Every structure is written in structure tokens, then in C-alpha cells.
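For reference, the structure discussed in these notes is given below.
Small disclaimer: the values here were computed from a predicted structure and weren't measured. Atom set for the values below is all heavy atoms of this structure, side chains included, hydrogens, waters and symmetry mates excluded. Remember, it's 1-based here, ligands and their atoms both numbered in the order they're listed.
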Amino acid sequence: MTNVLFASSEAVPYIKTGGLADVAGTLPAYFDRNNYDVRVILPKYTCMEKKWQKDLEFLCHFYVDLGWRKQYAGLFKAEHLGVTYYFIDNEFYFGGAQPYHLIHEDMEKFAYFSKAVLEAIRHMDFSPEILHCHDWQTGLVPVYLKTIYEADPKLKSLKTVFTIHNLKFQGRWHLRGMQDMTGLPEYLFTPDYLEFYGEGNCLKGGVIFSDLVTTVSPSYAAEIRTPEGGEGLDGLFRNRGNRLCGIINGIDEREYDPETDPVIFEHFSVNDADLVEKKHANKTALQEETGMPVDPNKFLIGIVGRMTDQKGFDIIAYMLEEMLSSGRYQFAVLGTGEERYQDMFRFFAGKYPDRITVTVGYSEELAHKIYASCDAFLMPSLFEPCGLSQIISMRYGTVPIVRETGGLKDTVDAYNEYEKKGTGFSFANYNAHEMYGTILYAYDLYQNHKDEWEALMRRIMKQDFSWHTSVEQYAKLYQRLL
Ligand code: GLC
């Protein structure tokens with residue numbers, strides 16, 4: 001039996017702000033239970049929904065030394081779908097309306113969490129052999145482990161894996177402040193370790209002190225080794241050689257299943273002879289529900305995601321007037337993010353209420369309906385470590401239109417009209433007109449080659465994006481370390 005502990009700042013079903021939560025909360029359950037015991041440790045945020053908080057079992061408490069402070073930590077436990085979750089309790093750090101707030105608060109919060117994870121292992125009834133950390137919030141775990149806890153009997157043989165879900169966020173703060181908050185020795189705040197352009201950098205620490213580093217797609221693992229994609233750390237990644245690799249994410253196929261999804265309007269499966277009619281029933285229902293005219297001939301495009309530059313919202317904004325004024329399309333948009341994009345969408349929703357519906361906010365239910373009901377799903381990201389929405393769309397027969405970057409490149413094969421192959425539409429350059437050209441190409445297939453469109457829908461629904469293949473690769477990595 002191999003014991004693994006995931007340390008993450010979020011995981012479904014307990015707390016979620018993005019794709020990290022989906023991965024940290026679903027991957028553990030897919031490991032072979034006879035050979036792996038994979039558990040998860042999270043902060044016990046007070047903003048976690050009450051229904052989850054009430055089932056937590058108190059195990060013990062201890063104190064965490066953080067510089068000159070001595071901070072309380074409670075350790076709680078819960079079971080979900082056969083997976084054990086641990087929670088670190090401290091309301092000073094994990095209070096507030098959301099998991100993340102201002103960077104200097106988050107720095108101290110996650111320095112505390114990182115150290116508390118190691119202290120918790122010393123107190124828990126479980127002895128992990130692998131500690132698998134995710135993103136900058138847990139970047140200091142390997143740093144503490146390989147320095148302050150180097151000689152600890154329960155921790156000294158622990159191996160660490162660090163997974164980067166998004167290199168854009170690195171947890172940076174000024175050196176002195178970080179040294180004070182973390183209580184880490186002074187030599188670590190130099191260019192060979194945590195220092196980065198005059199600041200301290202948690203993610204860099206995680207990369208340097210972990211035994212293996214992974215990203216969530218092979219293409220992204222290659223991109224971060226280049227100056228364009230490396231966010232200043234490309235040299236470090238190039239030097240990691242084969243101790244850095246990319247493993248593509250899967251999705252929770254139980255949650256995203258058009259045959260059983262409880263919130264979509266009509267169930268369907270790739271084996272249905274009347275798949276197209278059933279997809280249309282969903283489209284009609286979404287048009288009705290969102291107040292857009294019911295019209296099967298409008299090419300309905302879904303957009304779900306964080307409204308940031310990363311997701312390509314600036315090139316969408318650039319083309320939206322032209323696309324909407326053409327009258328060919330309808331858009332169903334869901335997400336929150338930068339004010340300027342929210343305002344931009346609100347503006348167009350006011351100008352073209354029959355062509356675009358916008359929900360600023362977060363709704364799992366509406367997201368599922370959009371995935372199930374649209375003809376196409378647009379995701380023209382500037383960069384994309386993996387991306388989950390394009391995968392989910394494919395499962396619902398909604399054709400992805402993506403830019404060829406990171407995980408989008410690894411999960412969507414460009415449609416080839418000559419060989420009648422491919423699983424979506426894609427374009428190479430981050431350019432609004434190139435995106436629009438690709439949308440027009442998809443539109444043409446949809447309107448004028450209906451059989452081909454249907455064949456494409458069936459092809460994407462048959463793709464295997466379950467966790468099984470990724471789990472095997474993670475298992476291999478763990479074995480390599482042991
Ligand atoms: C981050 C990335 C996204 C990835 C997810 C889960 O949210 O931006 O591309 O799919 O993490 O790994």
C-alpha cells in the first residue's frame with residue numbers, strides 16, 4: 001500500500017474557486033484502492049458551506065511556530081466518496097468571506113497552512129510516503145520539509161511532488177516580510193532559493209525543494225521552459241530536465257454525464273439515434289430560459305470561465321460587436337472576473353438582448369446547462385495549463401473552438417475536412433481575426449454540412465477523458481520516488 005497526502009488550498013466538494021479544486025477533489029478517488037490510500041488536507045475555511053462543516057470530526061490540536069508567533073491549529077477529519085479529508089482549523093487565518101484575499105494576507109495564511117500540514121502529519125493516524133502539493137499556496141511545504149523538518153523521524157523520508165496548475169500565480173511578497181512571516185532561515189532568501197527579482201517566491205521554493213514537479217498537460221510543461229511561457233522561471237524549469245513532466249487532467253465523468261446529469265433539460269447519449277434532436281431540445285430550453293428567441297438555426301456558442309486575459313476575453317471583446325451584428329450567432333456567457341469584461345458583456349447584453357445572454361456570477365447548474373445545450377464552446381485562451389471546460393463540453397457533444405496552447409492543444413485535435421478527423425476547431429496565433437476565421441469555419445460546417453457536424457459531435461463524445469490514464473501516470477511517478 002502506498003500512502004499519499006495531497007496538500008491543497010481547495011478541493012471539491014468542500015471549497016472551490018477554480019479548476020484546482022476539481023483536480024484535488026476528484027483525482028484521489030480514482031486511484032486503485034487496493035494499492036493506494038490517497039488523502040487530502042485542506043484549510044478549514046469559515047466560508048465553507050455549513051452542510052460540509054457540520055460533518056467534520058475533531059481529532060486533536062497543536063501549535064505551529066511561525067517566526068516569533070505560536071499559532072493554534074485544530075485538526076479535523078471527514079470522509080467523502082471513500083476518500084479521507086483532513087482540515088486545518090484556525091479562524092484567524094481561515095476566516096473571511098472567501099478563501100483568498102489580499103496577497104500579503106494570503107502569504108501568511110499559506111505559510112501557516114504549509115507548516116501546519118507538516119505538523120499535522122506528525123499528529124495524524126496516517127503515515128504518508130508521498131506528499132503531493134498543489135500550486136503556490138503549498139509551495140512552502142517542501143521548503144519547510146527539507147530545511148526545518150529535515151531530521152524529524154516521521155517526516156524525513158517523505159518524498160514530495162509539486163503540481164503547477166497555473167504559473168501566473170506564484171505567491172510573491174517582499175523578502176523581509178516573507179522572512180518574518182515564515183520564520184525560514186535567512187540563507188533561503190537568496191537567488192539560489194526563494195529570491196526572485198527582489199521578492200520572495202513561494203512557487204519557486206516548491207519547484208526547487210520538491211523531488212518531482214508536474215504540470216497539468218505535456219504542452220504546458222514544454223511551454224513553461226520557454227521565455228514566452230516561463231513567467232521568469234523558464235531557466236529553472238529547463239534545468240529540471242526529466243524531473244518536470246506534464247500529465248493531462250481528467251474530469252469527473254460521474255458529475256459530467258449527459259445521460260444522468262440531473263440539471264440539464266433532456267438526457268442524451270452518444271448511442272442515441274436521435275442525438276441531434278435531443279441536443280436541440282436542450283438548446284431550445286436554454287434559449288427559452290434565457291429569454292433569447294428560440295431558433296434552431298442560430299449557432300449557439302457557450303463561454304464559461306473566469307473573465308481574465310488568460311482566458312482570451314480581450315480577443316473576444318475585440319470581435320463581439322462584429323459577431324453579434326452579423327445575426328448568425330447567439331452567445332450564452334457565464335463567469336465572473338475583471339470588471340472591464342463584466343461591463344463589456346453587460347453592455348452587449350443590453351444592446352443585443354436577443355443574441356447574447358450574460359450571467360455574471362458562478363452557477364454550477366447554469367454551467368451544466370450551457371455545456372449541454374450549446375452547439376459550440378469558445379475558449380481562446382492566451383495560455384492554458386490544462387483547461388477543463390473544453391473537455392466537459394466535448395463530453396456533452398458541444399464542439400470546442402480553442403486556441404492551440406497548453407492543455408487545449410493536447411485535448412482538441414483540429415478538424416480536418418479532407419480526412420474527416422478531429423475533435424474541434426483551433427487556431428494558432430493569439431489574434432482576434434484568426435479566432436473569428438475559425439468560428440466562421442465552424443459555423444459553415446454547422447450550417448452547410450450537417451452530417452459532418454453530427455459525426456464530429458459523436459466523435460468528441462466518444463473521447464476518453466476519464467482520470468484512469470492520468471492516474472496511472474501519477475502512480476508511476478510515485479513509484480519512481482519510492
Ligand atoms: C488552473 C488552470 C487550468 C487547469 C486547472 C486544473 O485553473 O488555469 O488550465 O485546468 O488549474 O489543473
What part of Asn249, side chain from CB on, backbone N/CA/C/O, both or neither, has a heavy atom under 4.0 Å from ligand 1? side chain
Flag Lys311 as yes when one of its N or O atoms lies below 3.5 Å from any N or O atom of ligand 1, and as no otherwise. no
I need the Glu259 CD to Arg395 CZ distance, nearest 0.5 Å. 8.0 Å
Could Arg340 and Asp309 be called an ion pair, given the rule that one side-chain N must be under 4.0 Å from one carboxylate O? yes
Less than 6.0 angstrom separating the ring centers of Tyr474 and His132, yes or no? yes
I need the nearest protein heavy-atom contact for atom 3 (C) of ligand 1: residue, atom name and distance, please. Glu384 OE2, 3.4 Å
Does some non-hydrogen atom of Lys168 fall short of 4.0 Å from ligand 1? no
Test the Lys44-Phe76 pair against the cation-pi criterion, namely NZ or CZ under 6.0 angstrom from the six-membered ring centroid and within 45° of the ring axis. yes
Modelled atom types, side-chain donor and acceptor of Thr290 and Gln330, under 3.5 Å: no
With heavy atoms and a 4.0 Å threshold, my read on which part of His134 contacts ligand 1 is neither
Given the ring of Phe126, does Arg39 sit roughly above its face, with NZ or CZ under 6.0 Å from the centre of the six-membered ring and within 45° of the axis? yes
Val216, any N or O under 3.5 Å of ligand 1 N or O: no
Who's the nearest protein heavy-atom neighbour of atom 2 (C) of ligand 1, and how far? His165 O, 3.1 Å
Would Gly407 count as a contact of ligand 1 if the rule is a heavy atom under 4.0 Å away? no
Between Glu384 and Arg403, is there a salt bridge with N-O shorter than 4.0 Å? no
How far is atom 4 (C) of ligand 1 from its nearest protein heavy atom, and which residue and atom is that? Gly387 N, 3.6 Å
Using a strict cut-off of 4.0 Å, indicate which atoms of ligand 1 neighbour a heavy atom of Asn166. 8 (O)
One thing to verify: whether Lys283 and Asp375 come together as a salt bridge, which I'm taking to mean a side-chain N less than 4.0 angstrom from a carboxylate O. yes
Just distances here: any N/O of Val23 and N/O of ligand 1 closer than 3.5 Å? no
Atom indices of ligand 1, in the order listed, that fall short of 4.0 Å to a heavy atom of Gln310: 8 (O)
Electrostatic pair Lys115:Glu119 at N-O distance under 4.0 angstrom: no
Atom 7 (O) of ligand 1: nearest protein contact (heavy atom, Å): Gly19 N, 3.8 Å
